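What follows is a single structure, written as structure tokens, with notes after it.
For ligands, and for the atoms within them, numbers begin at 1 and follow the listed sequence. Predicted model, so just to flag it, every value in this text is computed and none were measured.
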Amino acid sequence: MAAADRAAIDRRIARRFRVRGVVQGVGFRPFVYRLADTHRVCGWVINDGEGVDIHAEADARRLLAFERALGADPPQASRIASIEARPAPVAWFTAFEIRDSGVGAQPTVRMTPDLSICPACLGELLNPADPRAFYPYINCTNCGPRYSIVQALPYDHPHTTMAPWPMCERCRREYEAPRHRRFHAQPVACAECGPHYRLSTNGELIDGAAIAEAARLLREGRIVGIKGIGGYHLACDARQADTVDALRTRTFRKERPFAVMVKDLAALRVLIEASAGAQALAGSPARPIVLAPAQVRLPGVAPGNADLGVMLPYTPVHHLLFEAGAPAVLVMTSGNRSSEPIAYEDDDATARLAGVADALLVGERPIARRVDDSVVQDGPFGPVIVRRSRGYAPLAVAALPATTPLLAVGADLKNSITLVVGGAAFVSQHIGDLDHQAAAAAFDATVRDLSAMYDVDPAALVVVHDLHPEYRSTERAGTIGYRRIPVQHHRAHVASVLAERGALDARVIGVAFDGTGYGDDGTIWGGEIFAGSVREGLTRVAHLREAQLPGGDAAARMPAQAAAGFLASIDGLPDLTSPPFSLPPQYTAACRLANAGVRTFTTTSVGRLFDTAAALLGFTRPVTFEGQAAMWLEQRARGSTRSGALPFDWDGGAIDYRAALVEIVAARQRGDAIRDIARGFHRGLAATVARAVLELAGPHSAEAIVLSGGVFQNMLLLRELARALSGSPVPVWTNREVPPNDGGISLGQAALGACTV
Ligand code: ZN
Ligand code: ZN
Ligand code: FE
């Protein structure tokens, strides 16, 4: 032994590190092992119920270098929440080892989301000489499935849906080699030992051959169901209009836009106007669907829609399909009919997709839970998550001060749930609209699933729910837990932004604009401005001027019906059933209800105000999905280069839309271009909202302006607001981790609930 080494041993000290965060299933232990090797540190590393535990021994200089490197360059998929270090007794280890996972007490480790295939695995997949060439289940510690295969924590092979496939010699060698990137990659497999893909129409073909046949069917204009990471997709050639049409007919989806998949970023840039931010999102390991203005017309794919949702391949199967000559632009839409949840179990998929798909490409590895594709947009304040699922769920998105396990059950549309345990808020994947029986069942399953994963007894939960007494989620909350806390819908929207930022004490002006939510006074809210903080409570200080809503929430389906209510208080309007307006008979009927005060409700909904403007500008038919009329209005407006703003008024407590609506009617009668009027509507509303929040910020000592609610998925409105607020002395905060729509409600409920218990 060299003298220097002996001296180093003499000066040996030991430290214990506790690493918390997303640190299991991401190659963290191999990473620690390699670091220890580099810095000649002895000791061990282990996964346990709290994260990663490390015992490290070396001289002070080496130990310091090891400690620095630990936090500096962790594995790509990991997210370190904290590293705690404390002195430990020296045990004179002579090497560094990875120890097997113990069984933890309460697992508060953060399960990682599913990741797209990494460049190294992709290289092997497409290299004919590689032992895993063309094998669709190739993965390593840097990539592959996680959340969609895990059945219990800690995350180890027997706890995943890969348990039925024990590793062969070669796979095990890699799994056990500390320097290999498959070291402790739980789902590691190869064609010899692992599961296979098969085609329903020809059971003889497996893996590459089955995929090649599927690619051929797609080229021929057939519809193929493809099992992916979190469920089945329905795929077809996006440039064969008859096939796209057939897919719509067979799935009963009239207008809901389909997403498409293309081979790479170059192909994506052809299809959509993709900003640098949008491209970064599309290529991120989460591989979400990115929404952006379409540059190519694909008939029937997103009818009447100027935007297109595009994603890049994320499983080996997708890459193999393109390699095998699948059409260059593939429709890839959730395998279901209408708005049911995506199919993910093989028998269920076979039953539900029979008559829709001409063939099914079925992988044998079971999917532990349904995880849809995520949907994002690149906005002026950063990414806007429209649907948060694959690649993001179930990451913890916030730390909340709940001392007891807490479950927030969200709202009824775009439902997600949030479980708070050990102070970390885990937001579930997108569950869906609870009106659908299958989504209601998925809700129950997700409550059971998350509780079981984090070892929480559902009976021991504090349950936070929406104030709406008739929401299904409210009803369901009554059957779980021992204590229930109601939270008003729009306060939850504002709180979701503050929870993400860990700013529970920040005093803010919070704007919550959406379609509908149950207000404190039982009326239909949706255009609310609050002052206060999550900790001290949010007080409603302003709102959209009240309007009537004939038919209540049912008016959401018929923009002309909302228009009747919003126009009821305006005198001297022309006959809107004749040209150029040509509003349908439902308008006249709704006017009668509004005038008689029969089945008419009070609302402050900005969503319905957008519907009203859309109806006046030509969207006179019923909507076929939520938010459709507002999207239509935004897309018309984007075509305009005019800079005029419609006159909205602000009186210190209410935003008044009447003058703006009168101006829309006059402009249409004058024959102004629809796109210019639509643009003026956005600009006028944004300018007035900006004026309102800036005026309120001072007197309420606000540190920030918060924007949330489904209306803020409107990129044009956000851009206009960004411009109007560019000189604001206080920052503008929007959602970054959860959707501004009702998919983010559960996080806001959890934050407000945590401050109540
Ligand atoms: Zn990999
Ligand atoms: Zn193998
Ligand atoms: Fe909402």
What is the ring orientation for [X] with [Y], classed by angle as parallel under 30°, tilted 30 to 60°, or perpendicular over 60°?
| X | Y | answer |
| --- | --- | --- |
| Phe183 | Tyr33 | tilted |
| Phe712 | Phe513 | parallel |
| Tyr518 | His468 | tilted |

Hey, which N, O or S atom on [X] ends up closest to the Fe ion (ligand 3)?
| X | answer |
| --- | --- |
| Asp742 | OD1 |
| Asp514 | OD2 |
| His489 | NE2 |

is_close_aromatic([X], [Y]), centroid dist under 6.0 Å:
| X | Y | result |
| --- | --- | --- |
| Tyr471 | His465 | no |
| His318 | Phe322 | no |
| His493 | Phe530 | no |

- Task: Go through Arg182 and Glu176 one step at a time and tell me if the salt bridge (charged side-chain N to carboxylate O under 4.0 Å, His left out) criterion holds.
- Result: CA-CA 8 Å; Arg182 293 208 171 83; Glu176 284 173 354; over 6 Å; no
- What protein N/O/S atoms sit under 2.8 Å from the Zn ion (ligand 2), by chain and number?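 Listed by chain and number: Cys168 SG, Cys171 SG, Cys190 SG, Cys193 SG.
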- Item | Ser428, Ser746, Ser389 screened by side-chain hydrogen bond (donor to acceptor under 3.5 Å, both in side chains) with Ser416, the one that passes |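 Output: one option passes, namely Ser746.
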- Of Asn735, Thr734, Asp514, which is the lone residue that meets side-chain hydrogen bond (donor to acceptor under 3.5 Å, both in side chains) with Ser708?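 Looking at Asn735, Thr734, Asp514, the match for Ser708 under the side-chain hydrogen bond (donor to acceptor under 3.5 Å, both in side chains) is Asn735.
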- Identify which protein N/O/S atoms are less than 2.8 Å from the Zn ion (ligand 1).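 Listed by chain and number, the nearby protein N, O or S atoms are Cys118 SG, Cys121 SG, Cys140 SG, Cys143 SG.
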- Go through the steps to decide whether Glu528 and Arg491 satisfy the test salt bridge (charged side-chain N to carboxylate O under 4.0 Å, His left out), and finish with yes or no. CA-CA 9 Å; Glu528 316 310 317; Arg491 290 187 178 89; over 6 Å; no
- Could you tell me whether a side-chain N or O of Thr160 sits under 3.5 Å from a main-chain N or O of Asp156, the two making a donor and an acceptor?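 Here the side-chain-to-backbone pair does not exist.
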